[in-house]
J.: 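I have a structure here, written as structure tokens, and I will follow up with some questions on it.
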Amino acid sequence: MGQGVVPGGSVLLAGGLAVTPGGVLDPGWILVTGDLIGAAGEGDGHDLAAPGLEVVEMRGRWVLPGFIDLHVHGGGGTSFTEGTADDARNAAAFHRAHGSTSMLASLVTAPLAELEARAAMLAGLADQGVIAGLHLEGPFLSAARRGAQDPRHMLVPDVAVFERLYAAAGGHLRVITLAPELPGAAEVIRAAVRAGVTVAVGHTDATAEVTSAAVEVGATHATHLFNGMRPWHHREPGAAGALLDREAVTCEIVADGVHLHDMTIRLAARAAGPGRLVLVTDAMAAAGMPDGRYRLGPKQVDVAGGVARLVGEAGKPGAIAGSTATMATVVRHAVAAGVPVPEVAAAASTTPARVLGISERTGALRPGLFADLVVCDEEFRLDAVMRHGQWLSGFPAEPSISRARGPSL
Ligand SMILES: [Zn+2]
């Protein structure tokens with residue numbers, strides 16, 4: 001592409017480490033035209049310079065596809081699980097500013113009427129494009145592996161209940177997490193698959209055999225692999241083993257340095273491979289906020305040193321209750337743990353886009369897709385976020401991109 005053919009109003013991200021589906025372009029350039037990626041290529045891109053083309057220097061910086069978080073309850077002090085629509089908007093804006101250019105809003109187990117009301121409210125935000133849809137983490141879960149979920153409101157799987165929740169979500173229910181060992185689970189899995197909803201196995205005490213049977217009838221996703229599941233045993237690998245073993249299953253991990261040992265992160269990444277690993281935050285309201293007391297659905301959570309735990313009884317620390325991570329921090333942690341950068345980018349963006357069925361719009365630095373991207377420095381600290389061709393503002397880190405006519409952050 002030479003002088004004169006660059007459309008007006010375009011932005012050239014020049015000379016960065018661009019993580020594309022074909023590999024890392026080092027250096028590489030990305031041309032943003034309107035809300036789309038117009039072109040991308042190898043080299044510093046300076047030969048594209050033309051009058052009216054804004055050039056942003058990316059030298060030494062990583063340019064990654066915008067992150068897509070399939071499992072997030074809140075952030076920035078508010079959440080999807082309680083509060084007003086504006087509170088939910090605030091949580092979404094917080095995570096967008098920290099790299100999640102698309103996200104599902106995840107609900108936790110709560111009284112059915114409350115779940116229906118939350119689903120209806122969030123469906124309105126999905127209609128407006130604030131979120132990419134809903135994830136129901138409950139209510140068909142196992143009390144034995146409840147984590148921070150409230151066992152009082154857990155229900156036995158029931159197609160009629162699923163249909164009520166599906167209807168409340170107004171066509172925006174994308175993922176439902178359930179425990180496949182519960183009676184009636186297979187019928188709900190089939191109903192969800194028929195409705196086009198991804199079935200995730202999680203908060204489950206299922207054996208490997210029962211989990212494999214759930215995959216046979218249509219489950220295709222693992223909710224925070226290892227967390228909320230029976231521990232791996234070499235003769236009974238449990239849900240974690242069965243889900244990792246199955247090619248059809250994508251596996252979420254919370255790579256925040258709290259939920260999993262780094263060795264577990266590396267082993268899961270290797271076992272799942274680049275097309276099946278999914279990085280999620282499982283973040284709650286306290287993400288980006290000081291230590292203190294917060295809520296997660298009907299439960300209270302204490303955050304100390306950035307680790308969220310249920311308020312414990314008799315001075316004992318409670319179960320880990322979501323995280324205070326952002327997609328930017330789990331990406332940084334996964335890289336530090338030794339997962340190769342292209343695999344991290346796939347797990348944070350390309351694969352979750354596929355799970356949501358939005359790969360033709362976002363999830364890679366590829367011409368024709370939305371210009372949804374994240375800029376990080378050499379150490380993978382977040383520098384800037386672009387969504388649909390617009391730089392987003394509002395994150396606390398000082399942007400450090402040097403630019404002549406740069407974005408206003
Ligand atoms: Zn969760």
Side-chain angles (χ1 to χ4, degrees), residues 67-76 78-83 88 91-92 94-95 100 103-110 114-115 118-119 122 131-151 153-154 165 169 173-179 197-204 219 221-229 239-240 243 250-260 278-288 294-303 306-310 318-327 329-330 352 355-356:
F67 307 141
I68 298 173
D69 193 354
L70 298 182
H71 189 154
V72 53
H73 303 284
T78 58
S79 63
F80 302 123
T81 56
E82 59 271 322
F94 169 82
H95 283 287
S100 301
M103 75 199 79
L104 294 184
S106 300
L107 293 175
V108 294
T109 302
E114 198 180 313
L115 276 181
R118 299 304 298 174
L122 292 168
I131 53 173
L134 277 79
H135 164 211
L136 278 176
E137 193 181 14
F140 311 131
L141 304 179
S142 162
R145 300 287 171 192
R146 62 182 172 274
Q149 297 263 350
D150 193 336
H153 306 303
M154 287 177 184
L165 291 167
L173 181 59
R174 296 282 172 266
V175 180
I176 182 165
T177 298
L178 55 74
V197 176
T198 295
V199 176
V201 174
H203 289 284
T204 171
H221 191 70
T223 293
H224 45 52
L225 194 76
F226 295 111
N227 298 117
M229 296 176 183
L243 294 162
T250 43
C251 295
E252 289 179 4
I253 58 168
V254 186
D256 64 346
V258 175
H259 284 69
L260 299 174
V278 173
L279 295 179
V280 297
T281 61
D282 197 8
M284 40 86 74
Y294 296 87
R295 281 182 62 190
L296 179 62
K299 295 287 207 174
Q300 288 204 307
V301 174
D302 276 336
V303 177
V307 178
R309 289 184 178 278
L310 284 185
I320 293 177
S323 84
T324 58
T326 64
M327 283 300 285
T329 59
V330 296
V355 172
L356 292 182

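All values below come from the heavy atoms of this structure, side chains included, with hydrogens, waters and symmetry mates left out. Atoms within each ligand, like the ligands themselves, are counted from 1 in listed order. If you're wondering where the values come from, they're calculated on a predicted model, not measured in any experiment.
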J.: Going by heavy atoms in the side chains, are Val280 and Val254 under 4.5 Å from each other?
T.: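 Of all side-chain heavy-atom pairs linking Val254 with Val280, at least one is under 4.5 Å.
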
J.: How close do Glu114 and Ala110 get, counting heavy atoms only, and between which atoms?
T.: OE2-CB, 4.1 Å

J.: Nearest 0.5 Å, what's the CG-CD1 distance between Asp282 and Ile253?
T.: 12.5 Å

J.: So if I apply the side-chain hydrogen bond (donor to acceptor under 3.5 Å, both in side chains) rule between His203 and each of Arg145, Glu137, Arg146, which one comes out positive?
T.: Glu137

J.: Given the side-chain rings of His259 and His224, with only the six-membered ring counted for Trp, is the space between their centroids under 6.0 Å?
T.: no

J.: Name the residue from Thr223, Thr250, Asp69, Leu225 that meets the side-chain contact (heavy atoms from CB on, under 4.5 Å) definition with Val278.
T.: Thr250

J.: For the Zn ion (ligand 1), which protein N/O/S atoms fall under 2.8 Å? Skip waters.
T.: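 Those protein N, O or S atoms (cut-off: under 2.8 Å from the Zn ion (ligand 1)) are His71 NE2, His73 NE2, Glu137 OE1, Asp282 OD1.
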
